[in-house]
Trainee: 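The structure's right below; bear with me while I get my questions together.
Labels below follow one simple rule: chain letters A, B, ... track the order of the sequence lines, proteins then strands, and each chain is numbered from 1.
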There are 2 protein chains.
Amino acid sequence: MLNPVSRVRRFNRAVTSAVGALDSSFLGRGRPLGAARVLNAIGHGRSDVAEIRDYLGLDSGLMSRLLRSLEDEGVVETSTHADDARRRVAKLTRTGRREFAAYEALSNAQAEGFLAQHAQREALLAAMDLIASALTRERVSLNESDPQSEQARYCLGEYYAELGRRFKQGFDVSLSRDPDAKDMRRPRGTFIVAMSDTLPIGCVGLKGTDHGYAEIKRLWVAPAARGLRLGRRLMDATEDAARELGIALLRLDTNSALPEAGQLYRTTGWREIPRFNDDPYPDLFFEKRL
Amino acid sequence: MLNPVSRVRRFNRAVTSAVGALDSSFLGRGRPLGAARVLNAIGHGRSDVAEIRDYLGLDSGLMSRLLRSLEDEGVVETSTHADDARRRVAKLTRTGRREFAAYEALSNAQAEGFLAQHAQREALLAAMDLIASALTRERVSLNESDPQSEQARYCLGEYYAELGRRFKQGFDVSLSRDPDAKDMRRPRGTFIVAMSDTLPIGCVGLKGTDHGYAEIKRLWVAPAARGLRLGRRLMDATEDAARELGIALLRLDTNSALPEAGQLYRTTGWREIPRFNDDPYPDLFFEKRL
DNA sequence: CATGATGTCTGACTTTAGTCAGATATCATG
DNA sequence: CATGATATCTGACTAAAGTCAGACATCATG
């Protein structure tokens, strides 16, 4: 009753019945589940028919019929794609948007109801984040994005908050050599955000300099996503980007209060070098030749 | 992207697709899912046809047909219930047990595969326990059981380990007034274990004494089950049992290092009294008249 | 022991999901 | 502009799940 496998299986059972209940709550709107799923995919912004088919794993014949039934119902309208007349794009009509809103309200109410039942909300949410990240790990996408985008700013905020918790003297960005956004945009550098579904769960910046090297900055992985080797994936992606940009030498600084970071660098070809800047926070400095 | 409801919904999406994959892994054995589910329910010890139907939420007609198809296949045999000739009981044949074992192996392999993919196993398992307990909270059952049963011993072990972590001087059972098992058996007392599915997640003992009162001992709730008001349920069940046993006065001791326990007692009609024993660990003493 | 309730079974359906082989239109390419 | 690839659609199926009314045997009860 206590071994890890039974615990996973207990979780599976609990979640299977919860998911069943969730699915059947969608049946209350007089539409089969398949059609409801297509409607919701469109509502969530997937307009390309092929993309929806792919996302939901449907046969093209089935997809075509589901789309037709939604059109007959008056909740969806389709048109041909502007760039490619073979493809079709679907969008919701006014009634379709109303139906979608009803499904959204249902989902939100279900989620709120679940949360309302439990004390220790934060613990529960953290557990959910962890599991969701674990389950969708192979679907984590690394996207280059602007260092001032919403996702990037979210990651950086979390990163600073975590440094504040882990450095005994706290962390104040304004005292640190905070990299300029323009140094983390191509062609000088880049900024990569790891997204799991719609949640940013990690980031890293490549900051161009005028000293013949580029610096790795702001490597962060969300607590809920640790153990998935995401740090390594982010570093690999950054090195690839650096090579693309013709950068031959990378440097970074870090702090011994973040042992997992030092560990990562040491096992991926970085070598320790003497201090190369006067930032007050770091106490460890590394270099890697590409 | 960050609010609690979105986090729950992200979890739901992640888990929905995982459950789908799990279900379809059961299709590899040439049997539709419905039939496989019935076979597995029987394998897990549910023999009464009505009980299976209820557990799986099936229509009686459908259930009857599924059972018939399993019989035709030679994996199940049915007979009439010994006490009631209207009811049927189903059991696996030899080949049925072999098929069941194959499904079990599949489930175990799936669970092991999931665990093998992840570092931070313990964190992941703890998150799964927490969520499973939250989802099945209304299905937690409180069972009176022998204080030396496997489940009881598991709970007590966890309880002692937790005291060891929370008391700054640690905890050594042999120094404490460890209650005798025979004082926690009817008619002198009782011992109640809270089970979620097959996992013990809490316990409490009622220890009979010869001094005109009984004592509450070993109240424990698994970390994964906190926030579900399980402590209160356990205490209520114990008080009910005490009333049944004709006990009019209850006492207990606890420690101020366990503030949630003190809080629970104070809000449920217990009043603080002077020390009534010489156990070195407790520093708070309560009494409640039934 | 008559009566209504209960548990199972059967027949006759419907709905949903899914498959597969073309048909048709359009696109990218040389 | 011929050719093969791609995206969607249609027709013709099958399988699985589920529903419903009634049949039948058995049980609990007064």
Trainee: Do the non-hydrogen side-chain atoms of B:F191 and B:L206 ever get within less than 4.5 Å of each other?
Mentor: no
Trainee: Within the 4.5 Å heavy-atom criterion, are A:L230 and A:L142 side-chain neighbours or not?
Mentor: yes
Trainee: Answer yes or no: is there a side-chain heavy-atom contact under 4.5 Å between A:R185 and A:T190?
Mentor: no
Trainee: Using a 3.5 Å cut-off and no angle test, enumerate the donor-acceptor pairs between side-chain atoms of residues 9-27 of chain A and protein atoms at least two apart in sequence or in another chain.
Mentor:
from: A:R9; atom 1: NH1; to: B:E104; atom 2: OE1; distance (Å): 3.2
from: A:R9; atom 1: NH1; to: B:N108; atom 2: OD1; distance (Å): 3.0
from: A:R9; atom 1: NH2; to: B:E104; atom 2: OE2; distance (Å): 2.9
from: A:R10; atom 1: NE; to: B:S196; atom 2: O; distance (Å): 3.3
from: A:R10; atom 1: NH2; to: B:S133; atom 2: OG; distance (Å): 2.9
from: A:R10; atom 1: NH2; to: B:S196; atom 2: OG; distance (Å): 2.5
from: A:N12; atom 1: ND2; to: B:Q110; atom 2: OE1; distance (Å): 3.3
from: A:R13; atom 1: NE; to: B:D197; atom 2: OD2; distance (Å): 2.8
from: A:R13; atom 1: NH2; to: B:D197; atom 2: OD2; distance (Å): 2.9
from: A:T16; atom 1: OG1; to: A:N12; atom 2: O; distance (Å): 2.6
from: A:S17; atom 1: OG; to: A:A14; atom 2: O; distance (Å): 3.2
from: A:S24; atom 1: OG; to: A:G20; atom 2: O; distance (Å): 3.1
from: A:S24; atom 1: OG; to: A:A21; atom 2: O; distance (Å): 3.1
from: A:S25; atom 1: OG; to: A:L22; atom 2: O; distance (Å): 2.7

Trainee: Using five base pairs at each end, measure the axis-to-axis angle across the helix from C:dC1-D:dG30 to C:dG30-D:dC1 and round it to 10 degrees.
Mentor: 30°
Trainee: Taking NZ, NE, NH1 and NH2 as the nitrogens, is one of them in B:R68 or B:E71 under 4.0 Å from a carboxylate oxygen of the other?
Mentor: yes
Trainee: Does any residue of residues 19-38 of chain B have a heavy atom under 4.0 Å from DNA chain C, and if so, which ones, in number order?
Mentor: none
Trainee: Salt-bridge test for A:D240 and A:R243: reply yes if a basic N is under 4.0 Å from a carboxylate O, no otherwise.
Mentor: yes
Trainee: Expressed as a whole number of angstroms, how long is the span from B:H81:NE2 to C:dT8:P?
Mentor: 10 Å
Trainee: So if I define the base as every atom that isn't primed, P, OP1 or OP2, how would nucleotides 1-13 of chain D read as a B/S/- string at a heavy-atom cutoff under 4.0 Å?
Mentor: ----BBSBBBBB-
Trainee: Are the side chains of B:I192 and B:N143 in touch, meaning some heavy atoms are under 4.5 Å apart?
Mentor: no
Trainee: Per the side chain to side chain donor-acceptor pair (under 3.5 Å) rule, what does the pair list look like for residues 27-39 of chain B, sequence neighbours excluded?
Mentor: B:R29-B:E99, B:R31-B:E73, B:R31-B:E99, B:R31-B:Y103
Trainee: Would you say that B:V8 contacts A:L124 through its side chain, given a criterion of any heavy-atom pair below 4.5 Å between the two side chains?
Mentor: no
Trainee: Which residues pass the side-chain contact (heavy atoms from CB on, under 4.5 Å) test with A:A90, not counting sequence neighbours?
Mentor: A:I42, A:L67, A:V76, A:T78
Trainee: Send over the distance from B:I52 CD1 to C:dG7 P, rounded to a whole Å.
Mentor: 14 Å
